[in-house]
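All chains are named by letter (A, B, ...) in the order of the sequence lines, taking the proteins before the strands, and each is independently numbered beginning at 1.
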2 protein chains.
Amino acid sequence: MPTSHLRMENKTAKTRERNKDKSKQEFLDAVGKILTTKGYTSLKVNDIANAAGLDKKLIYKYFGGTDQLLDEYIHAQNFWNNVEEEPLIAEDTDGGKTAAKQILSNQFDFVGNNIEYQKILIWQLAEERASHRKVIDEQEEKGEVLFTHMADRYFGDKAADFRAMMALLVSGVYYLNIYAETNGSVFCGIDIKSPGGREKIKEALNFFVDKAYEDLK
Amino acid sequence: MPTSHLRMENKTAKTRERNKDKSKQEFLDAVGKILTTKGYTSLKVNDIANAAGLDKKLIYKYFGGTDQLLDEYIHAQNFWNNVEEEPLIAEDTDGGKTAAKQILSNQFDFVGNNIEYQKILIWQLAEERASHRKVIDEQEEKGEVLFTHMADRYFGDKAADFRAMMALLVSGVYYLNIYAETNGSVFCGIDIKSPGGREKIKEALNFFVDKAYEDLK
DNA sequence: AGTAAAAGTCACCAAATAGTGACCACAAGA
DNA sequence: TCTTGTGGTCACTATTTGGTGACTTTTACT
């Protein structure tokens, strides 16, 4: 409790910094922290305010309510998690084969290492929510340009088949990592949390991509 | 338990049938109903009792509490959802290739058509829980005998590679169906809820299995 | 019929959770 | 210095949720 009344201090005044934007960010951070450690079902106003070290009244003042705070959090997250897909639209000499491998492998590691993102994925699976829909639509749109640019052109009338294969692989990447975190990490006898197991999965991903490009062309 | 001896029913007895076993079952059914329609986060005592048309006190009397009721529900479900995997341990002439295709395709349809099972899968992903762990362990064990029987023998030192591939495909089958139900059904441009989209996924599954057996041997 | 055990209901309490009005405190402009 | 806008706290209410003791009703058995 910063009941320190002497605020005449020239500098050392420890009274809480009064900054709306910073406080808003602290609420957003608190959401991420709670989401990561306890899951989306624990995102209650009281707990969020407590984690942020601020009064819950401010959530209503600044965001309008818990839902709007969560919406803002969700949307803010979407920007960060998409950065890693960009940097490899490199050479098109192989129709995007190495790019596809890269993306899958990167995504596999990213999801595996990022519990916060795992929790967001679970949240998307579990709760119908306009802001989830929006984020998902944005991601689909982003994926769409990737597919049309590199794969559709390359695969012609087999484009849809390639997309189906990628859908399976990406889904597998997501599920395996989410699965491994909560109630046991062994799936089909592969320990998804062990380096050896993860290596096997990556090899399987590469194998499937190779075969897709080999046979589909 | 079977206290049902012949009771002198006069007929018109309008009073609720007093039957512990039946009431227990009604609670279990209520859990399934709420889980299916509103998700695991809505599994509250009051609502469950209400859905069952009985007093919540009975939940404490019969099960010990909500948690134990949920545990019993989870365990009971496990029996039903595993039935579909049995009937196809047919000929071993192809090392289990057609069996693998069958299992994946069947599982894809089963999960897609069974929202209750989808919700259980989500629940497993979202909540750490001893009964989930137990069910998952049992499933792993069941899968283990399948793998050792048909695949490990056939693939020799490549057995782990095959398992990794199957892990990816099964995971994909799960995730795609769960994903499609809640916040949008299009993934990688494939509409997972449309017959055409589902057909493409199945073809991709078959393709991958073929390639696995082709190259891994 | 009479009775005891068990099925089932109801009223009630306690804790958790969402939400808000009244207030305090600091900074900047008048 | 005083006033005002606003960041921030606190106390309070209402609702939801979990849990239980006391009671009533039915059944099974003598």
What integer distance in Å separates A:N50:CG from C:dT17:P?
11 Å

Protein-nucleotide distance (A:I59, atom CD1; C:dT20, atom P), rounded to Å
13 Å

Nearest-Å distance, CG (B:D55) to C1' (D:dG18)?
13 Å

In whole Å, what is the span from the CG atom of B:L69 to the P atom of D:dT17?
17 Å

Side-chain contact check for A:Y60: nearest option of C:dA18, D:dT17, C:dA7 is C:dA18

Of the listed nucleotides (C:dA7, C:dG21, D:dA22), which one gets closest to any side-chain atom of B:R18?
C:dA7

Under-4.0 Å side-chain N/O to phosphate OP1/OP2 contact, B:N46 with D:dG18
yes

Could you state the CZ-P distance from A:F63 to C:dG19, rounded to the nearest angstrom?
15 Å

Any donor and acceptor pair, going by atom type alone, linking the side chain of B:N78 with main-chain N or O of B:I74 inside 3.5 Å?
no

Under-3.5 Å donor-acceptor pair between B:K61 side chain and C:dG8 base
yes

Using 0.5 Å steps for rounding, measure from the CZ atom of A:F207 to the CZ atom of B:F162.
11.0 Å

For A:L58 and B:K56, take the nucleotide of DNA chain D holding the closest heavy atom to each; which residue's nucleotide lies nearer the 5' end?
A:L58

Classify the angle between the aromatic ring planes of A:H75 and A:F79 as parallel (below 30°), tilted (30 to 60°) or perpendicular (above 60°).
perpendicular

Between P of C:dA25 and NZ of A:K20, the distance in whole Å:
22 Å

Rounded to the nearest Å, what distance is computed from the CZ atom of residue A:F27 to the C1' atom of nucleotide D:dG7?
11 Å

Over 60° means perpendicular and under 30° means parallel, so classify the ring planes of B:W123 and B:Y40, tilted if in between.
parallel

Using a cut-off of 4.0 Å on non-hydrogen atoms, how would the nucleic acid contact of B:D47 be classed: base, sugar-phosphate, or nothing?
nothing

Distance in Å, A:L176 CG paired with A:E181 CD, rounded so as to fall on 0.5 Å steps
12.5 Å

Tell me the interatomic distance from A:I48, atom CD1, to C:dA18, atom C1', rounded to whole angstroms.
12 Å

Can you check whether any acceptor in the base of D:dG21 is under 3.5 Å from a donor in the side chain of B:K57, or vice versa?
yes

Taking only side-chain nitrogens and oxygens of B:Y62, does any of them come within less than 4.0 Å of OP1 or OP2 of C:dG8?
yes

For C:dG8, take OP1 and OP2 only and decide whether either is under 4.0 Å from a side-chain N or O of B:S23.
yes

